[in-house]
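Letters A, B, ... mirror the listed sequences (proteins, then strands); counts begin at 1. Because only heavy atoms are used, hydrogens play no part in the values below, and waters and symmetry mates are left out as well, while side chains stay in.
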Amino acid sequence: MHPIGWDSFGLPAENAAIKRGADPRAWTYENIAQQLASMRRYACSFDWDRILHTSDPEYYRWNQWIFNRMHERGLAYRKPSLVNWCPSCQTVLANEQVVDGLCERCDSVVTKKKLTQWYFKTTDYADRLLDDMAQLEGKWPGKVLTMQRNWIGRSNGADVVFAIEGRAEPVTVYTTRPDTLYGATFFVVAADSDLAAELASGADEATQAAFADYVEAVRRVSEIDRLATDRPKTGVFLNRYAVNPVNDEQIPIYAADYVLPDYGHGAIMAVPAHDQRDLDFAKVFGLPVQVVVDVRGEDGEPLPDPGVTFEATAGDGVLVNSGPLDGLRKAEAIARIIEILGGKGLGKAATNYRLRDWLISRQRYWGTPIPIVYCDTCGEVRVPDKALPVELPPAAGLDMQPKGTSPLGGASDWVRVECPQCGGPATRDTDTMDTFVDSSWYFLRYTSIGRDDVPFDVAEVEKWLPVDQYVGGVTHAILHLLYSRFVTKVLFDMGMVSFTEPFTRLLNQGMVIMNGSAMSKSRGNLVRLSDQLVEHGVDAVRLTLVFAGPPEDDIDWADVSASGSARFLARAWRLSGDVTSPVGVEVSGGDPALRAATHRTVHEVAGLIESFRFNVAVARVMELVNAVRKVIDNPRPDGTGGGGDPAVREATEAVAIMLSLFAPYTAEDMWSRLGLEPCVSLAGWPVVDEALLVTETVTCVVQVAGKVRDRIEVPAGIGADELRELALARPAVQKALGEKGIRTVVVRQPRLVNVVPA
RNA sequence: GCCCCCGUAGCCCAAUGGCAGAGGCAGGCGCCUUAAAAGCGCUCCAGUGCGGGUUCGAGUCCCGCCGGGGGUACCA
């Protein structure tokens with residue numbers, strides 16, 4: 001199955017439509033029609049009966065259906081949170097869509113906004129998303145696996161409970177280094193957390209004012225600046241104290257922006273001696289540095305005091321100044337302190353993740369409506385499955401300009417509905433779903449195009465999936481691939497699919513670039529493939545793309561030659577006109593060398609194609625074409641060779657079949673000129689005669705001290721002893737050895753002998 | 001800063017630890033042609049980024065550099 005579809009909802013389509021004053025729907029489908037025509041020109045062999053567009057109501061109703069299932073399971077929920085906001089797109093973004101502090105789509109600087117939004121609970125699946133990657137090891141690019149692992153960012157440590165002076169409730173912090181608890185000299189809460197605000201409100205007026213100023217300053221810092229690690233540490237003392245649970249020491253509480261509100265508990269114990277960030281902060285505020293781990297350098301000498309050097313010692317070592325932990329190494333100390341704290345109810349082992357829940361609401365028009373209505377009496381109510389799809393209202397009459405709230409809010413007739421539960425007045429959710437929801441399960445839908453009773457036929461999915469070979473750009477290393485893996489696992493838990501990973505093997509294909517950089521309209525370095533097509537033909541362009549290099553590499557169009565490809569195709573094509581033997585001629589009498597070359601090539605090319613080494617496969621076919629040409633042009637007196645040699649027909653037919661994968665038009669024409677029918681694409685792969693793969697004699701290289709001194713033609717099945725004797729008897733070997741004796745002789749029959757002199 | 005990948009001929013790229021070159025592009029010479037193009041034939045071109053190590057033998061494995069690309073970076 002080789003289906004094709006359009007992930008046709010989303011911002012690019014909507015923004016382009018707004019720019020042109022067009023209806024996003026009309027604009028999108030016109031573009032799809034153009035792209036489809038273009039794909040057909042390129043002779044893409046998709047299964048044109050399995051097409052889908054994610055912006056079709058027949059498709060997106062099932063997004064809503066999946067949303068409902070998530071909602072039933074508590075995997076879709078709303079919460080107020082500080083979210084990523086793109087001021088240009090005027091919508092929220094998922095964490096994954098913020099790249100270096102910039103909007104993934106438009107490169108605007110992302111800001112923060114407190115909003116109540118819909119989330120999918122990806123964090124519930126963090127462990128499985130991480131651990132199931134074992135199935136993908138060796139089948140996905142290691143790079144992608146590493147990126148996903150880092151993104152999920154699991155860390156092991158402990159929760160530790162600190163009492164707060166003047167506050168009834170203690171505060172829990174997460175740390176990966178509970179062993180350094182005795183070295184905690186201050187306490188930091190995230191400046192933009194509720195906890196910080198509360199702690200500040202209990203302080204004196206001057207502190208409150210200072211805190212308010214600081215929070216305001218933090219808000220103004222853009223996401224880009226906040227991410228700069230070399231930024232000096234800032235913060236404000238809250239004039240409050242926490243109590244270290246192991247020694248009852250009072251430590252001052254600061255609010256700072258280097259602690260994040262939504263990781264761990266939004267508060268930390270600061271151990272400046274053994275954490276560089278804490279040390280940087282301590283330096284700015286003149287806070288004490290207490291060494292509790294004796295960390296040694298490579299030379300075994302103790303590393304210098306961090307309090308002096310301001311270089312934190314973060315490594316392993318023996319605990320000191322730490323009461324019951326003294327003398328233990330890091331790992332032992334961690335286990336021991338967790339035990340001690342656990343006994344007092346003041347701490348326990350804990351795991352944390354960098355991964356956040358998936359924010360799926362978007363304040364935009366061109367997407368899947370969220371199937372929820374809000375009722376004054378019933379609250380948040382799911383639109384029943386039988387009432388799906390909740391179709392998008394027509395764009396006509398709506399204000400499509402991004403303004404921070406969904407354009408759907410303007411469709412008053414659409415917004416006002418009856419509550420599905422009580423029949424009372426209710427309003428629809430006016431946000432639409434992130435388009436990554438659309439693409440997170442589309443591969444399942446391909447098995448069941450046209451079904452209007454289920455999102456997909458479970459039996460068909462069982463038959464076809466998981467996807468054997470997925471191909472996509474590395475740009476989706478985290479986004480699409482993580483979301484698809486998540487949704488697949490949810491569907492697995494629902495009993496709808498029997499596998500936990502959607503894509504068995506993954507290939508990251510490269511891009512076509514020009515003169516070293518990505519092509520772009522603004523740079524004006526666009527290679528117009530349509531022009532190339534007119535100039536050299538579809539087959540030549542296709543062949544150029546596969547021959548240029550390994551598929552995962554970028555292709556610099558400046559480095560390759562479509563005219564060279566065209567020339568090769570013409571050379572191959574001419575062979576078919578030079579074959580004079582009839583269809584079905586008995587090949588056994590043909591030129592044996594050419595026959596061997598043909599079968600060897602067919603055999604090798606098959607393996608190369610299966611391992612995606614198309615560039616090498618093409619080179620092998622070129623080689624064979626050259627060999628056939630030689631035989632055709634050199635008829636021999638004994639009647640072999642020339643266009644009438646049956647081996648020439650056999651080879652040329654094989655060339656046509658092999659080329660049909662890359663250059664279908666040329667191959668079909670060759671096939672027809674060879675008198676064959678109906679067409680090469682139905683011909684099937686040539687059967688390899690194993691007997692022709694074995695060669696009778698091979699060239700054995702004879703080395704003396706690793707240097708090639710001679711070559712011998714030997715039978716392929718020659719024995720080691722016989723070959724050794726043969727090699728040692730060679731005059732060239734004797735000459736190279738001279739007076740020296742022989743230390744040892746390495747024999748790798750039948751191809752190599754290496755004589756090692758004494 | 002940390003992690004990963006890659007450095008082979010003028011260029012793109014091949015080479016289960018075993019003859020560094022399969023294929024192509026570009027260049028040169030020749031044949032064909034009235035001429036040119038196309039085609040055909042021949043040919044030039046590197047010792048594999050640098051320095052060590054392992055091995056009978058290293059482009060390939062290991063260590064350290066240099067260069068290029070990518071990922072990631074206050075996640076406690």
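For the pair N626(A) and rG24(B), the criterion of a side-chain N or O lying under 4.0 Å from OP1 or OP2 is met. For the pair N615(A) and rA14(B), the criterion of a side-chain N or O lying under 4.0 Å from OP1 or OP2 is met.
Residue pairs meeting the salt bridge (charged side-chain N to carboxylate O under 4.0 Å, His left out) criterion with at least one member in residues 561-578 of chain A, sequence neighbours excluded, are D578(A)-R629(A). Sorted by first and then second residue, the salt bridge (charged side-chain N to carboxylate O under 4.0 Å, His left out) pairs with a member in residues 748-758 of chain A form an empty list; sequence neighbours excluded. For residues 138-148 of chain A, the pairs satisfying side chain to side chain donor-acceptor pair (under 3.5 Å) are Q148(A)-R485(A), with sequence neighbours left out.
Atom pair R709(A):CZ and rG18(B):P shows a separation of 20 Å (rounding to whole Å applied). Atom-to-atom, CH2 of W151(A) to C1' of rA73(B) comes out at 12 Å; the value is rounded to the nearest Å. Nucleotide rU16(B) holds its C1' atom 13 Å from the CG atom of L608(A), rounded to whole Å. The interatomic distance linking R613(A) (CZ) with rA14(B) (P) rounds to 7 Å, in whole Å. Across the protein-nucleic acid pair, W557(A) atom CH2 and rG24(B) atom C1' stand 14 Å apart, rounded to whole Å.
No donor-acceptor pair under 3.5 Å is formed between the side chain of D280(A) and the backbone N or O of K233(A).
Between the side chain of R748(A) and the base of rG18(B), at least one donor-acceptor pair of N or O atoms lies under 3.5 Å.
Listed by chain and number, the residues in a salt bridge (Lys or Arg N to Asp or Glu O under 4.0 Å) with K330(A) amount to none (sequence neighbours excluded). Partners of A619(A) by side-chain contact (heavy atoms from CB on, under 4.5 Å), not counting sequence neighbours, listed by chain and number: F547(A). Residues satisfying the side chain to side chain donor-acceptor pair (under 3.5 Å) criterion with E610(A), sequence neighbours excluded, are absent altogether. Residues that satisfy the salt bridge (Lys or Arg N to Asp or Glu O under 4.0 Å) test with D275(A), not counting sequence neighbours, are R277(A). Taking the side chain to side chain donor-acceptor pair (under 3.5 Å) definition, one finds that T351(A) meets it with N156(A), sequence neighbours left out.
Look at rU54(B): it lacks any Watson-Crick or wobble partner with both distances under 3.5 angstrom. As the counterpart of rG59(B), no nucleotide is assigned, since no Watson-Crick or G-U wobble pattern has both distances under 3.5 Å. In this structure, rC65(B) and rG49(B) make a Watson-Crick or G-U wobble pair, each of the two defining distances being under 3.5 angstrom.
An anti base is found at rG39(B): its glycosidic angle is more than 90° from 0.
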Dump the pairs, protein N or O against N or O of nucleotides 52-55 of chain B, anything under 3.5 Å, distances to one decimal.
none

Every protein N/O within reach of nucleotides 26-33 of chain B N/O, cut-off under 3.5 Å:
{"residue": "rA26(B)", "atom": "OP2", "partner": "R567(A)", "partner atom": "NH2", "Å": "3.1"}

Could I get a table of every N or O pair under 3.5 Å where one atom is in the protein and the other is in nucleotides 3-11 of chain B?
none

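Between rC56(B), rG23(B), rA76(B), one nucleotide has an atom nearer to the side chain of F547(A) than all others, and that is rG23(B).
Nucleotides rC11(B) and rC45(B), compared at atom C1', are 12 Å apart to the nearest Å. Taking the P atom of each, rA58(B) and rG51(B) are spaced 15 Å apart, rounded to whole Å. A distance of about 47 Å separates the C1' atoms of rU55(B) and rC74(B), rounded to the whole Å.
Below 30°, between 30° and 60°, or above 60°: for F281(A) and Y258(A) the angle between ring planes is between 30° and 60°, a tilted geometry.
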Which pairs would a plain distance check flag for residues 171-182 of chain A, meaning a side-chain donor or acceptor within less than 3.5 Å of a matching protein atom at least two apart in sequence or in another chain?
{"residue": "Y174(A)", "atom": "OH", "partner": "S155(A)", "partner atom": "O", "Å": "2.9"}
{"residue": "Y174(A)", "atom": "OH", "partner": "S155(A)", "partner atom": "OG", "Å": "2.6"}
{"residue": "Y174(A)", "atom": "OH", "partner": "G157(A)", "partner atom": "N", "Å": "3.4"}
{"residue": "T175(A)", "atom": "OG1", "partner": "R177(A)", "partner atom": "N", "Å": "2.9"}
{"residue": "R177(A)", "atom": "NE", "partner": "D179(A)", "partner atom": "OD1", "Å": "3.0"}
{"residue": "R177(A)", "atom": "NE", "partner": "D179(A)", "partner atom": "OD2", "Å": "3.3"}
{"residue": "R177(A)", "atom": "NH1", "partner": "A314(A)", "partner atom": "O", "Å": "2.9"}
{"residue": "R177(A)", "atom": "NH2", "partner": "D179(A)", "partner atom": "OD2", "Å": "3.0"}
{"residue": "T180(A)", "atom": "OG1", "partner": "R177(A)", "partner atom": "O", "Å": "2.7"}

